[in-house]
Amino acid sequence: MWLLLLVPTYLSALGYEDLLAPGGVIAQVTGWHPAALDHLLLGPAGAVLVLSLRGVAFAYFAVAGVVRSLGTDLADAGRVHGLPRWRTAMVQLSSLAPALLAGFVLVFAETVSDFGVASTLAADAHFPVITYVIFTFADAIPISFPAAAAVSWSLIAVFAAVLLLQRRLLSSRDFSGRDGSAGQRAPRRGLARQRAAAVCAGAFFVIALIGPAPGITVSSLLGGSATSGGAVAVSNSSGFTLAAYRALFSNPGLLSPVWLSLRLGLAGATGAVAVGLVINLWNQYRGVPGPRLWSISAWWQ
Amino acid sequence: MIGLPSIVLAAGFVFFYDLPAVYRVLPIYDTQWLLLAGYIVGFSPIAIRMLHGPLAQAGRTGYDAGRAHGSSALRAWARAVLSLIWRSVVSVWLFMVAVIMFELPLSEILQAPSGAPLAVSATGAALTVVGIAAVIAVIAAVSGLLWLATALHRTLRISREAAVESLIAELPTAGAPPQPRRGPA
């Protein structure tokens, strides 16, 4: 799951594009171009697929702890009272509502503010996404600040509206139905169910992680599609070749983005962790008792 | 702050640091410093969140005990708290390095003319693969150093404990009769 969080959406999108493009990995290796899939990828369906695969990680972290602590108390109570299986499931689901809503808001925020898919799949398919619209205004010459600000505020307003809706839904009902006992482990399911769950999980990770990785790696080795960055043309011969890597390492200037990002990553991470430590320590060691509003981390986070 | 989209944050940075009054005082617009500032501001909230748990768990009783025994604030914190949370700090730092290396929206808007970061210029698959390899190399190198430091620490502790054990073994047992002194021959 952490790997899913670490892989940026634009890399996943580029990986799928490299796999399915007319001159992509599948077309070159098998000689068959999956045109329907490629067409589907370069559109809203592709954007939804890539964003959903990443959203699963956020939803997992929001819900997993609550599901683990849920135990079998509610299911047992439902069975004792003679509820049918679907009603028992609904009772359990309703007790998960706060966690599910939190997961929904988290995934929604990530999806709405995502720029990776907006600048790859959506831009290639020429359908406008709000973050890419902000980018075009902010990157224009001269920069169109009023337009960028207006669209940015609308994005923040959408996010704020969803947060308010979540708060309203949660405050309208009492979800404190827990009895305080430690959650018991659910009884082990049958072998067939375990296998089905393992197959589903395996398929998910193949699509989410292992799919894009060969797309990027293999396309860097294929003669027809390999590029080494900076729009440098490499061998057009068919079959596997290391021409892209040879071009990359023979011209040190092409590797400068890696060194720059490495330096910025090391410095940025050091700065962010230092700020994180200082603010946490400030709150822990010098924080005055009182409303959380006055705590630095309250408004910084 | 975590909910603020990076692209909006980046647009705000451009707007603010491009103002003539700000540029006169702090001329970092169109330099790599602006991008670095964007990364730090954009990722600090996540670092705060991720470090809050370990710091809260470590508490401040150890620090208070250190201070009561006369240690300076920094020394008391380093010995009582940092020794408990340093693994978490390193993990958060590694996570940040990996995420910032491939961060796109801030990099796209705040990149300086002097050089584009990896996320912006990784148009070639080979460059992307080299970038991923660089991140894996950093994580492996830091993890290796951590492992070495832990192994060294464990070895030192074992040898220190063995030295203490041998000292204790040489001490006379309480209540035992004192050894008779040998007189001069």
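So that the names make sense, note that chain A is the first sequence line, chain B the second, and so on, each numbered from 1. It should be emphasised that the depicted structure is a prediction, and the values quoted were computed from it without experimental measurement.
Ranked by non-hydrogen atom pairs under 4.5 Å with chain A, the options A98(B), G12(B), A11(B), A116(B) are led by A116(B). Taking D139(A), V112(A), I134(A) one by one and counting their heavy-atom pairs under 4.5 Å with chain B, the maximum is reached by I134(A). For the options L94(B), V81(B), V97(B), heavy-atom pairs under 4.5 Å to chain A are most numerous at V97(B). Among A272(A), A149(A), G265(A), the residue with the largest count of heavy-atom pairs under 4.5 Å with chain B is A272(A). Of all the listed residues (G271(A), A138(A), A274(A), A118(A)), the one sharing the greatest number of non-hydrogen pairs under 4.5 Å with chain B is G271(A). The candidate from L242(A), L155(A), T217(A), T270(A) with the greatest count of non-hydrogen atom pairs under 4.5 Å with chain B is T270(A). Of the listed residues (D64(B), V92(B), I109(B)), the one with the most heavy-atom contacts under 4.5 Å to chain A is I109(B). Most heavy-atom pairs under 4.5 Å with chain B, from the set S119(A), G268(A), S256(A), G116(A): that is G268(A). Most heavy-atom pairs under 4.5 Å with chain B: of the set L262(A), L163(A), V278(A), this distinction falls to L262(A).
Note: L110(B) CG to L34(B) CG = 5.0 Å, rounded to the nearest 0.5 Å. With rounding to the nearest 0.5 Å, the separation of CD1 in I139(B) from CH2 in W93(B) is 9.5 Å. Atom CD1 of I7(B) and atom CZ of F135(A) lie 7.0 Å apart (nearest 0.5 Å). The structure places CD of E110(A) at 3.5 Å from CZ of F58(A), a figure rounded to the nearest 0.5 Å. Residue F108(A) holds its CZ atom at 8.5 Å from CZ of F159(A), rounded to the nearest 0.5 Å. The OG atom of S91(B) sits 11.5 Å away from the CE atom of M96(B) when rounded to the nearest 0.5 Å.
Note on residues 14-43 of chain B: pairs passing side-chain hydrogen bond (donor to acceptor under 3.5 Å, both in side chains), not counting sequence neighbours, are Q32(B)-S114(B), Y39(B)-S107(B).
Between the H52(B) side chain and the I48(B) main chain, no donor and acceptor come within less than 3.5 Å of each other. With hydrogens and angles disregarded, no donor-acceptor distance shorter than 3.5 Å links the side chain of S152(A) to the backbone of V8(B).
L277(A) touches chain B through backbone and side chain together, each having a heavy atom under 4.5 Å away. The parts of L266(A) that come within reach of chain B are both its backbone and its side chain, each placing non-hydrogen atoms under 4.5 angstrom from that chain. For V138(B), the part lying under 4.5 angstrom from a heavy atom of chain A is the side chain only. Residue Y63(B) touches chain A through its side chain alone, counting heavy-atom pairs closer than 4.5 Å. When heavy atoms are compared at a cutoff of 4.5 Å, F249(A) approaches chain B solely by way of its side chain, counted from C-beta outward.
The 12-atom threshold is exceeded at CD1 of I168(B), counting heavy atoms of other residues, nucleotides or ligands nearer than 6.0 Å. Other residues, nucleotides and ligands contribute at most 12 non-hydrogen atoms within 6.0 Å of the CH2 atom of W153(A).
The closest side-chain heavy-atom distance from P117(B) to L35(B) is below 4.5 Å.
Partner of I85(B) under the side chain to side chain contact (heavy atoms under 4.5 Å, CB included) criterion, out of V90(B), L55(B), L51(B): L55(B) alone.
Chain A is approached within less than 4.5 Å, heavy atom to heavy atom, by no residue from residues 142-166 of chain B.
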